[in-house]
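Here is the structure we will look at, set down as structure tokens.
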Amino acid sequence: MRISWQYTGNEPIKLKTFIRNQGISRHLMAKVRSDGGKVLINGVENRRIDKINPQTVLTIKFPSEENRKNDLIPSYVPLKILYEDRDFLIIDKPDHVNSIPSVPQRKDSLVNRVDGYYHLRGYDDLIPHIVTRLDRDTSGVALFAKHRYAHALLSQQMKQHAIKKTYLALLSGNLREDHLVIDRQIGRVPGSLIERQVVSSGGQEAQTELWVKKRLPDCTVCDVRLHTGRTHQIRVHCKSIGYPLVADTLYGGQIQLPLQRQGLHCRKIEFYHPFKKQMMTFESPLPQDMKKYLELEEHKKTGR
């Protein structure tokens with residue numbers, strides 16, 4: 001894959017400065033060169049050039065990433081694709097699927113499925129770069145970069161909290177406040193590799209914002225936005241205020257049929273597309289299990 005830029009400044013500029021201005025770090029540039037990529041100046045490879053002049057066209061030929069797959073096993077379970085272009089792939093993730101391979105589930109995660117999709121499409125030089133991970137039992141919008149440069153640019157947005165994810169969460173009981181910001185540190189539960197808890201000190205800073213959309217007999221429907229990205233953050237913070245997610249048995253929620261996994265769905269993602277130079281928004285419809293649960297709650301409320 002090749003990506004080109006034209007330098008539109010009025011004075012000569014150092015080549016490394018221009019490259020850095022495109023969001024390409026020194027580390028990424030070193031990887032490009034060591035893996036067989038090339039830098040072309042007006043179509044000609046020249047490793048000795050130090051500066052470029054106005055109107056110069058710089059092209060970086062990114063190397064194939066096929067040799068970086070290691071032991072990734074492709075899965076051919078079909079994907080529900082919300083959007084795809086040269087640089088990004090947006091997936092509607094189902095519940096009960098890991099985002100990335102794990103020791104007990106090496107053969108079927110969202111990453112495995114994207115790799116299988118790439119193989120079927122003939123994208124053998126690409127590997128999956130997952131940008132936004134969701135818990136195994138959380139459904140909704142998941143964002144993938146299709147090459148390491150796109151991944152690097154979105155990683156910068158992640159660090160700046162510029163990628164906005166909005167979740168729909170079902171909290172057990174009726175939350176009193178209409179709007180709430182939870183600002184509490186999160187750390188590991190001693191002796192557990194999975195479970196997290198709110199801690200008074202020594203944990204990771206975590207901030208979660210909730211807006212109540214509807215109150216039903218057994219739950220409160222909320223829009224939730226993360227201002228940090230900690231493991232199980234929404235689940236842990238909701239438990240900490242006494243309103244665990246419906247059916248989130250790890251954190252104190254009770255199974256309420258037909259919902260048999262935590263009531264959490266990433267319904268929308270917004271990010272700046274660095275190649276199209278525009279904001280992009282993608283939404284995922286509410287999955288059937290959460291939709292059916294809410295219908296039953298509405299029946300309880302109305303008595304019909």
Side-chain angles (χ1 to χ4, degrees), residues 1-70 72 83-90 100 111 114-115 118 122-133 142-165 204-205 226-229 269-282:
M1 185 190 69
R2 299 181 178 213
I3 297 181
S4 298
W5 306 264
Q6 184 174 44
Y7 173 50
T8 58
N10 297 319
E11 301 291 335
I13 187 174
K14 287 186 176 181
L15 176 60
K16 63 181 181 181
T17 300
F18 182 77
I19 289 174
R20 187 170 60 248
N21 289 345
Q22 311 316 311
I24 301 177
S25 67
R26 183 183 302 175
H27 175 74
L28 176 56
M29 196 66 244
K31 289 295 295 179
V32 168
R33 291 186 184 276
S34 66
D35 289 348
K38 295 181 179 180
V39 177
L40 307 177
I41 306 298
N42 292 328
V44 178
E45 185 176 8
N46 191 330
R47 291 178 175 269
R48 297 183 179 181
I49 193 168
D50 181 54
K51 291 185 177 182
I52 58 174
N53 297 309
Q55 305 309 310
T56 294
V57 175
L58 171 73
T59 300
I60 295 183
K61 182 180 179 183
F62 289 88
S64 169
E65 298 185 74
E66 188 174 8
N67 62 350
R68 300 178 63 213
K69 290 187 178 182
N70 298 322
L72 181 61
Y83 174 81
E84 181 179 9
D85 62 18
R86 181 197 68 178
D87 308 295
F88 301 111
L89 180 67
I90 316 293
I100 61 174
V111 165
V114 169
D115 187 51
Y118 285 172
Y123 303 156
D124 292 327
D125 60 336
L126 301 181
I127 64 170
H129 294 272
I130 190 166
V131 179
T132 59
R133 300 183 186 183
L143 171 58
F144 282 77
K146 292 177 74 173
H147 50 85
R148 63 180 104 187
Y149 177 40
H151 191 201
L153 293 176
L154 286 198
S155 292
Q156 292 178 16
Q157 291 189 40
M158 289 283 284
K159 291 177 181 177
Q160 297 163 0
H161 306 294
I163 296 179
K164 297 180 180 179
K165 293 191 293 181
Q204 294 179 307
E205 298 294 334
L226 298 176
H227 297 294
T228 52
I269 191 167
E270 303 167 80
F271 69 97
Y272 179 74
H273 196 305
F275 302 100
K276 292 183 178 293
K277 300 189 182 304
Q278 64 185 62
M279 291 298 299
M280 307 286 281
T281 301
F282 300 96

ask   = Judged by atom type as modelled, is there a donor-acceptor pair below 3.5 Å linking the side chain of T132 to the main-chain atoms of L143?
value = yes
key: Shortest non-hydrogen contact from A150 toward F88   = CB-CE2, 3.7 Å
ask   = Please walk me through it: do Y7 and N53 pass side-chain contact (heavy atoms from CB on, under 4.5 Å)?
value = CA-CA 7 Å; Y7 173 50; N53 297 309; 5.9 Å; no
task = State, to 0.1 Å, how close Y272 and L154 come at their nearest heavy-atom pair, and which atoms those are.
result = O-CD2, 4.1 Å
message = So if I apply the side-chain contact (heavy atoms from CB on, under 4.5 Å) rule between I60 and each of I3, L40, V32, which one comes out positive?
response = V32
key: R26 atom CZ: more than 12 heavy-atom contacts under 6.0 Å   = no
inquiry  = Would I19 and M29 count as a side-chain contact (heavy atoms from CB on, under 4.5 Å) here? Give the steps.
reply    = CA-CA 9 Å; I19 289 174; M29 196 66 244; 3.9 Å; yes
request  = Evaluate the side-chain contact (heavy atoms from CB on, under 4.5 Å) criterion for residues I269 and T281: first the C-alpha distance (whole Å), next the side-chain angles of each, then the deciding distance (0.1 Å), finally the verdict.
outcome  = CA-CA 6 Å; I269 191 167; T281 301; over 6 Å; no
query = Looking at CD of Q157 and NE2 of H273, how far apart are the two atoms once the value is rounded to the nearest 0.5 Å?
reply = 10.0 Å
ask   = Side chains of F144 and L126: does their closest heavy-atom pair fall under 4.5 Å?
value = no
message = Checking A152 now: which residues fulfil side-chain contact (heavy atoms from CB on, under 4.5 Å) with it, not counting sequence neighbours?
response = L28
ask   = Any donor-acceptor pair under 3.5 Å linking the side chain of Q156 with the backbone of G23?
value = yes
Any donor-acceptor pair under 3.5 Å from K146 side chain to L89 backbone = no
key: Distance, nearest 0.5 Å, that separates CE of M158 from CG of L153   = 14.0 Å
query = For Q6, what residues pass the side-chain contact (heavy atoms from CB on, under 4.5 Å) criterion, not counting sequence neighbours?
reply = Q55, V57
inquiry  = Using 0.5 Å steps for rounding, measure from the OG atom of S155 to the CD1 atom of I163.
reply    = 8.0 Å
message = Could you check whether E45 pairs with K61 (Lys NZ or Arg NE/NH1/NH2 to Asp/Glu carboxylate O, under 4.0 Å)?
response = no
Gap between atom CE of M1 and atom OH of Y149 - 0.5 Å precision = 9.0 Å
request  = Identify the two heavy atoms, one from R33 and one from V39, that lie closest to each other, and give their separation to 0.1 Å.
outcome  = NH2-CG2, 3.7 Å
task = To the nearest 0.5 angstrom, please state how far the OG1 atom of T228 sits from the CD atom of E205.
result = 8.5 Å
request  = Rounded to the nearest 0.5 Å, what's the gap from NZ on K51 to OG1 on T56? Could you check?
outcome  = 13.0 Å
Side chain proximity check, D50 to L15, heavy atoms < 4.5 angstrom = no
request  = Grab the two heavy atoms, one from D85 and one from K276, that are nearest each other, plus how far apart they are.
outcome  = OD2-CE, 3.4 Å
Heavy-atom check, side chain of M280 versus side chain of I90, under 4.5 Å = no
request  = Evaluate side-chain contact (heavy atoms from CB on, under 4.5 Å) for H147 paired with E65, printing each intermediate quantity in order.
outcome  = CA-CA 8 Å; H147 50 85; E65 298 185 74; 4.0 Å; yes
query = Is I13 close to N21 at the side-chain level, that is, under 4.5 Å between some pair of heavy atoms?
reply = yes
task = Work out which heavy atom in P63 is nearest to a heavy atom in D35; give both atom names and the distance.
result = CB-O, 3.4 Å
ask   = Below 4.5 Å, heavy atoms only, C-beta onward: do R148 and H129 meet side chain to side chain?
value = yes
